[in-house]
Amino acid sequence: MISGTNSIGNKASKQGKKTFKTFDPKQNKDTEWTFYEASSSEIDEAVALATEAFNMYKDCSGEKKAEFLEAIADEIEALGEELIDTYCKESGLPQGRAMGERGRTMGQLRAFAKVLKEGSWVEAVIEKAQPNREPMPKSDIRKMLFPLGPVVVFGASNFPLAFSTAGGDTASALAAGCPVIVKSHPMHAGTGELVSSAIIKAAEKTGMPNGVFSNLNSSGIEVGQQLVKHPKVKGVGFTGSIKGGTSLYKLANERDEPIPVFAEMGSINPVVVLPSALENDSDAWATKYASSITLGAGQFCTNPGLVLAVKGEKLDGFIKTLSEEILKLEPTCMLHPNIYAKYNEGKKELSAQSGVTITADYKKDTNANTAKPSILKVSGADFLANTKLHTEVFGPFSVVVICGDTAEMENILNHLEGQLTGTILGSEEDLENNSGVVDALQSRVGRILFNGVPTGVEVNSSMVHGGPFPATTDPRFTSVGTSAIKRWVRPVSFQDWPNKLLPLALQNENPLKITRLVEGEYTKN
């Protein structure tokens, strides 16, 4: 049952005077639920509870935290059809997408639980004392990772489950030992409330401290700003626009005590089409990319918004097939009227740029908030000269850049902003013959694909969902996969510490039986 309240630890609260509703984009009307915007006192209470909870939660064993994460996954599953129905109503996305995203969300939680049970993620390092070393004795120094403290997570508009209330940021922060305060996304506050109830129920069942999780509603930016500026908050996770992410990053760095903001933001995910792909598989790749560009109404941060290839008849054929195939696909509903409006504004602005030709533009009538896909083409020279054409248009949209030769292609890649992904289509021989292009692309992205599509992000230990700015605020980290836990920790060294008073991960006997780096060698001894 959705009440529209804020969750301050295990307490439902509605002190705020301001209310708002979520929106059903398919029906093009408000939903029936009313939500209370969090007040300043509720924000302070949530942060105070999280700070108090941290004192206990940071010392919970890996097994205990794993039990908590697994219980969250179980409780999300137990929400059943109510969660799926609410998700679909607030997002306009189909039931299959909702069920798939729920499965991914539960899978992430269970993957982090597995990491916690194994335990080696703390990166224990031991350098033993050498009291008789000449000319100076060597101290015993041991190092491991410790959680930062309370973390604020912002829900994402385009993934109401996997990147929101119990998504990757929350799962990784809880795994690291950090209490989490979620600033729920206003487009799917009902979905967020249901998931919050699952997290709180799991916390109570597994004996977690009150305040290990809170969920705050807000239709504007004020609640998020207050949370980021709060002196007891120690880190921020964000998935969304460049404007939103950079604003939070600036706020966090203007604090008396600056804190890290891990923001995953804009990306046009360039696709490089090399000669053999055009020669041998042009129509197949064009058809596959028409589907990738329109997947989920193009509302993926890994949507292929830029295609680069060298001019010629084969490229002309690729563009023709891509344009024809994308118009055969039934347009789908976008997440919200605001997103729909911004998509149309962005498409219109880029279509009007000098040197741009529209090769596909869906003309048939559609239902409310349904995005009409579009493909543009432009020369490499015009693309280089106009950085507006580098802008992400969030939706089923892509620009094909016709390069004069591979040297121009390499130059374009070297002038691109940072991206989440880059893809190369071709043969192994193409890769060997175009090493400059490959190197240029690799320098701009967090994940480089060969003969695939960038939409679809696997959750595992080797995934990197990040990249140079403005794709993210810190390219050293990923927001997807088990390595995401590294964002919420810091290293601490213990020098000449009594063995029995060291953390278990650093004690001589290795009671946790984890892999450690002992004097340069990985061992469980």
Side-chain angles (χ1 to χ4, degrees), residues 93-94 96-97 100 158 267-334 343 347 350-351 356-364 366 370-378 383 392-403 409 419-431 434 437 441 445 447-458:
L93 295 169
R97 162 69 185 269
N158 59 335
S267 185
I268 54 175
N269 305 297
V271 179
V272 173
V273 189
L274 292 177
S276 67
L278 290 175
E279 189 70 36
N280 303 321
D281 304 301
S282 177
D283 286 350
W285 281 122
T287 301
K288 185 171 286 191
Y289 267 84
S291 296
S292 180
I293 291 164
T294 56
L295 183 66
Q299 298 168 121
F300 285 80
C301 46
T302 53
N303 194 59
L306 182 68
V307 179
L308 300 105
V310 174
K311 67 181 179 181
E313 289 184 8
K314 294 294 182 180
L315 176 56
D316 294 341
F318 173 87
I319 296 171
K320 182 175 183 291
T321 304
L322 175 66
S323 301
E324 290 171 349
E325 291 298 320
I326 207 166
L327 296 181
K328 292 178 184 178
L329 300 171
E330 190 70 25
T332 52
C333 185
M334 299 196 84
Y343 168 67
K347 182 171 70 168
L350 265 63
S351 298
V356 167
T357 301
I358 302 170
T359 66
D361 192 22
Y362 196 91
K363 296 294 186 183
K364 297 177 186 177
T366 58
T370 298
K372 296 181 178 182
S374 184
I375 300 292
L376 311 181
K377 69 176 181 180
V378 67
F383 183 84
E392 179 187 23
V393 176
F394 191 66
F397 176 91
S398 195
V399 177
V400 180
V401 178
I402 302 170
C403 303
M409 179 186 288
Q419 309 291 333
L420 293 171
T421 75
T423 304
I424 294 181
L425 307 181
S427 65
E428 290 186 25
E429 185 179 1
D430 282 333
L431 295 182
N434 295 277
V437 169
L441 183 61
V445 306
R447 175 166 58 112
I448 186 166
L449 298 85
F450 180 57
N451 284 345
V453 294
T455 40
V457 184
E458 186 69 28

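We use all heavy atoms of the structure for the numbers below, so side chains are in, but hydrogens, waters and symmetry mates are not. Predicted model only: the values in this text are computed from it and were never measured. Residue numbers run from 1 in the order of the sequence given.
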TODO: Quick one: pull up CD in Glu428 and OG in Ser276 and give me the separation to the nearest 0.5 Å.
DONE: 10.5 Å
TODO: Can you measure from CH2 (Trp285) to CG (Leu278) and round to the nearest 0.5 angstrom?
DONE: 11.5 Å
TODO: Grab the two heavy atoms, one from Ser292 and one from Thr455, that are nearest each other, plus how far apart they are.
DONE: OG-OG1, 2.7 Å
Open item on the list: Within the structure provided, determine whether Pro396 and Ile326 are in side-chain contact (heavy-atom separation under 4.5 Å).
Closed with: no
TODO: In sequence, state the C-alpha distance, the side-chain angles, and the governing distance for Ser282 and Thr321, and then conclude on side-chain contact (heavy atoms from CB on, under 4.5 Å).
DONE: CA-CA 8 Å; Ser282 177; Thr321 304; 5.6 Å; no
Task: Validation row: Val307, Ser398 side chains within 4.5 angstrom (heavy atoms) - done: yes
Open item on the list: Under the criterion side-chain contact (heavy atoms from CB on, under 4.5 Å), I'd like the reasoning laid out for Met409 against Asn434: C-alpha separation, chi angles, the key distance, then a yes or no.
Closed with: CA-CA 10 Å; Met409 179 186 288; Asn434 295 277; over 6 Å; no
Open item on the list: Any non-hydrogen side-chain atom of Val378 less than 4.5 Å from a side-chain atom of Val401?
Closed with: yes
Open item on the list: Donor-acceptor check, side chain of Thr294 to backbone of Ser291, threshold 3.5 angstrom: yes or no?
Closed with: yes
Quick one: side chains of residues 297-305, donor-acceptor pairs under 3.5 Å with protein atoms, not counting sequence neighbours, listed by atom name and distance.
| from | atom 1 | to | atom 2 | distance (Å) |
| --- | --- | --- | --- | --- |
| Gln299 | OE1 | Leu335 | N | 2.9 |
| Gln299 | NE2 | Gly296 | O | 3.0 |
| Thr302 | OG1 | Pro454 | O | 3.4 |
| Asn303 | ND2 | Gly395 | O | 3.2 |

Open item on the list: Surrounding NZ of Lys377 (heavy atoms of other residues, nucleotides or ligands, distance under 6.0 Å), is the total greater than 12?
Closed with: no
Task: Heavy-atom pair with the smallest gap, counting every atom of Ala290 and Glu325 - done: CB-CB, 3.8 Å
Task: Ile375 vs Val400, side-chain contact (heavy atoms from CB on, under 4.5 Å): CA-CA, chis, key distance, verdict - done: CA-CA 7 Å; Ile375 300 292; Val400 180; 4.2 Å; yes
Task: Nearest non-hydrogen partners of Leu449 and Arg447, listed with the distance - done: CD2-NH1, 3.7 Å
Task: Side-chain heavy-atom pair Asn269, Leu420 within 4.5 angstrom cut-off - done: yes
Open item on the list: So which atom in Ala371 and which in Tyr343 form the shortest heavy-atom distance, rounded to 0.1 Å?
Closed with: CB-CE2, 3.8 Å
Open item on the list: Quick check: do Phe397 and Val399 have side-chain heavy atoms less than 4.5 Å from each other?
Closed with: yes
Task: Test log, rule salt bridge (Lys or Arg N to Asp or Glu O under 4.0 Å), inputs Glu324 and Lys320 - done: CA-CA 6 Å; Glu324 290 171 349; Lys320 182 175 183 291; 2.6 Å; yes
- [ ] Please answer whether the main-chain N or O of Val453 pairs with a side-chain N or O of Thr423 as donor and acceptor at a distance below 3.5 Å.
- [x] no
Open item on the list: Quick check for you: to the nearest 0.5 Å, what is the distance between Asn158 atom CG and Leu93 atom CG?
Closed with: 9.0 Å
Open item on the list: So, taking the atom named CG in Asn451 and the one named CG in Leu274, what distance separates them when rounded to the nearest 0.5 Å?
Closed with: 9.0 Å
TODO: Say whether, by atom type as modelled, one donor and one acceptor occur between the side chain of Gln419 and the main chain of Val445 under 3.5 angstrom.
DONE: no
Open item on the list: Do Leu327 and Ser323 make a side-chain contact, defined as non-hydrogen atoms from C-beta onward lying under 4.5 Å apart?
Closed with: no
Task: Side chains of Ile424 and Asp430 in contact at under 4.5 Å (non-hydrogen atoms) - done: no
TODO: To the nearest 0.5 angstrom, please state how far the CD1 atom of Ile268 sits from the CZ atom of Phe394.
DONE: 14.5 Å
- [ ] Taking the side chain as every heavy atom from C-beta outward, state whether Pro270 and Leu308 have any pair of such atoms under 4.5 Å apart.
- [x] yes
Task: Atom pair NZ/CG of Lys372 and Asp361 - distance to nearest 0.5 Å - done: 8.0 Å
